There are 2 protein chains.
Amino acid sequence: MIRLGKMTDYGLLVMSQIARSSKAELHTARDLAIKCRVPLPTVSKLLKTLLQSGLLASHRGIRGGYSLVREPHLISVAEVVSALEGPLALTECSTNVAGLCDLEPSCPIRDNQRIINQVVRGALEKVMLSDLIRPMSLAAIRDNRGNLVQVSLAPGRMQ
Amino acid sequence: MIRLGKMTDYGLLVMSQIARSSKAELHTARDLAIKCRVPLPTVSKLLKTLLQSGLLASHRGIRGGYSLVREPHLISVAEVVSALEGPLALTECSTNVAGLCDLEPSCPIRDNQRIINQVVRGALEKVMLSDLIRPMSLAAIRDNRGNLVQVSLAPGRMQ
DNA sequence: TCTAAATAGGACTGAATTAGTACACATTCA
DNA sequence: TGAATGTGTACTAATTCAGTCCTATTTAGA
């Protein structure tokens with residue numbers, strides 16, 4: 001249905017792992033790799049990216065490690081996804097300077113993308129990291145007003 | 001931010017093109033290719049896929065062509081995207097039979113995916129094809145109750 | 001009944017992207 | 001000073017995707 005790269009999956013996994021402990025606690029790349037069962041170099045790469053995006057803080061040197069810069073309920077899935085998928089152009093045309101695209105000035109693709117992006121982004125902004133750290137029991141997310149909304153996890157076509 | 005393949009973009013474009021005329025009218029692959037400025041073989045491929053997904057009906061032979069099976073306001077973007085992106089496993093693990101994944105039984109990746117998919121799908125189900133066929137002026141989509149909701153198309157980081 | 005126009009289906013290829021690895025360097029603390 | 005840890009860059013292998021081509025089938029009309 002919607003394609004999140006493997007890296008993004010791992011990233012969410014790593015972030016939730018960090019989110020499970022107290023905010024101040026430091027986690028080394030090695031520890032996270034073991035706990036998440038993801039190869040160390042890959043975790044390391046992820047952590048660097050998340051650091052650069054300002055979602056993590058790092059301490060170097062022996063006894064170093066990574067920690068969240070905010071509480072889990074203040075970090076949205078949208079932020080993590082944005083960080084890892086990059087400021088992504090949906091297709092090359094989104095990055096065109098005006099005039100390059102021969103469908104200009106009323107490029108319908110571009111409009112479609114804008115609409116869809118807006119909708120999807122809005123949806124992901126409502127899911128917070130704290131919603132992901134209860135592995136088995138989540139059945140609701142927060143709506144715009146912070147109220148819990150039922151999420152149907154009914155069996156069925158999952159795409 | 002979210003990656004829809006080029007094919008999906010084209011697909012939405014083609015679908016909206018068909019949706020612009022009356023439901024009964026037939027459109028040949030050639031016509032659609034010209035109007036959408038997408039290569040004919042590509043359009044042809046798209047149409048076949050959309051046909052198999054039950055979103056289009058076809059008439060063979062000379063004077064043949066494709067038409068929508070439902071009114072544009074009854075076809076959601078989610079349906080078109082599902083049809084074109086395939087019954088997509090977000091990562092390989094979504095298709096595993098139980099036991100293959102060593103993170104079982106409480107695979108957090110899987111749960112994350114389920115949550116995110118649910119949220120995104122819900123969002124895309126609210127955008128109908130008819131919302132895409134007003135290229136320049138769309139500023140609102142329908143919410144769960146069918147009311148128009150403002151969509152902020154403010155300039156800014158578009159991911 | 002023949003022909004042209006159109007869909008149907010599958011095989012193939014080149015290119016782009018991504019996941020993952022490796023290595024050299026920098027920093028911190030005991 | 002040395003060990004543990006993060007930082008940054010470059011590279012490679014694998015996968016996926018977009019796009020093309022070819023051939024069969026169906027239909028309408030001359």
Side-chain angles (χ1 to χ4, degrees), chain A residues 2-14 18 25-34 36-67 81 83-93 95 109, chain B residues 2-14 18 25-34 36-67 69 81 84-93 95 109:
Chain A
I2 149 181
R3 196 152 16 107
L4 296 180
K6 237 193 228 183
M7 293 303 265
T8 307
D9 277 330
Y10 292 161
L12 287 170
L13 195 53
V14 167
I18 300 178
E25 191 171 329
L26 290 181
H27 302 260
T28 67
R30 176 179 307 271
D31 276 357
L32 291 169
I34 292 171
C36 298
R37 308 224 198 171
V38 173
L40 175 57
T42 300
V43 171
S44 188
K45 198 174 175 183
L46 283 171
L47 290 168
K48 274 180 277 183
T49 306
L50 292 166
L51 175 69
Q52 287 166 339
S53 306
L55 294 174
L56 292 178
S58 71
H59 268 55
R60 284 191 172 196
I62 197 169
R63 300 263 177 188
Y66 294 90
S67 61
V81 173
L84 294 171
E85 300 276 314
L88 192 65
L90 287 200
T91 71
E92 69 275 14
C93 113
T95 55
I109 289 189
Chain B
I2 150 181
R3 194 152 18 105
L4 296 180
K6 239 193 226 180
M7 295 303 265
T8 307
D9 276 331
Y10 292 160
L12 287 169
L13 196 54
V14 167
I18 299 177
E25 192 172 329
L26 290 180
H27 303 259
T28 67
R30 178 180 305 273
D31 277 358
L32 291 169
I34 293 170
C36 298
R37 307 226 198 169
V38 173
L40 175 56
T42 300
V43 171
S44 189
K45 195 176 175 181
L46 282 171
L47 290 169
K48 275 180 276 185
T49 306
L50 291 166
L51 175 69
Q52 289 168 337
S53 307
L55 294 173
L56 292 178
S58 71
H59 266 58
R60 285 190 170 197
I62 197 170
R63 299 267 177 188
Y66 295 89
S67 60
V69 292
V81 172
L84 294 170
E85 300 276 315
L88 192 63
L90 287 200
T91 71
E92 69 274 16
C93 112
T95 56
I109 289 188

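To find a chain, count down the sequence lines: A is the first, B the second, and so on, and within it residues start at 1. Everything quoted here is computed from the prediction, not taken from an experiment.
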Under 4.0 angstrom between B:Gln52 side-chain N/O and C:dG9 OP1 or OP2
yes
Between C:dT7 (P) and B:Ile18 (CD1): distance, integer Å
10 Å
Taking D:dA18, D:dG6, C:dT7 as options, the one with an atom nearest any side-chain atom of B:Met7 is D:dA18
Kindly give the heavy-atom pair with the smallest separation between B:Arg63 and B:Leu26, and that separation in Å.
O-CD1, 3.7 Å
Tell me which residues in residues 43-51 of chain A put a heavy atom below 4.0 Å from DNA chain C, sorted by number, or none.
A:Lys45
So do the side chains of B:Ile18 and B:Val14 get within less than 4.5 Å of each other, counting heavy atoms only?
yes
May I ask you to say what A:Pro41 touches in the nucleic acid, namely base, sugar-phosphate or nothing, with a heavy-atom cut-off under 4.0 Å?
base
Identify the pairs formed between an N or O of the protein and an N or O of nucleotides 25-30 of chain C at a distance under 3.5 Å, and give each distance.
residue : atom : partner : partner atom : Å
C:dT27  : O4'  : A:Arg60 : NH1          : 2.9
C:dT28  : O2   : A:Ile62 : N            : 3.3

Enumerate donor-acceptor pairs with a distance under 3.5 Å from any side-chain N or O in residues 42-58 of chain A to protein atoms, sequence neighbours excluded.
residue : atom : partner : partner atom : Å
A:Thr49 : OG1  : A:Lys45 : O            : 3.0
A:Ser53 : OG   : A:Thr49 : O            : 2.9

From CG of A:Leu13 across to C1' of C:dA19 the rounded distance in Å is 16 Å
Between CG of B:Leu40 and C1' of C:dA8 the distance, given in whole Å, is 14 Å
Give a yes/no on whether any side-chain N or O of A:Tyr10 is located under 4.0 angstrom from OP1 or OP2 of C:dG20.
yes
Whole angstrom value for the distance that separates C1' of D:dG6 from CG of A:Leu26
12 Å
Does A:Ser58 have a side-chain nitrogen or oxygen under 4.0 Å from the phosphate oxygens OP1 or OP2 of D:dT7?
yes
On DNA chain D, compare the nucleotides closest to A:Gly65 and B:Thr8; which residue's is nearer the 5' end?
A:Gly65
Just how far, in rounded Å, is C1' of C:dA16 from NZ of B:Lys6?
10 Å
Without decimals, in angstroms, what is the distance between B:Asp9 CG and D:dC17 P?
14 Å
Walk me through whether B:His27 and B:Leu32 qualify under side-chain contact (heavy atoms from CB on, under 4.5 Å).
CA-CA 7 Å; B:His27 303 259; B:Leu32 291 169; 3.9 Å; yes
If I take atom OG1 from residue A:Thr8 and atom CG from residue A:Leu12, how far apart are they, to the nearest 0.5 angstrom?
7.0 Å
The nucleotide from D:dT5, D:dG6, C:dA6 with an atom nearest the side chain of B:Arg30 is C:dA6
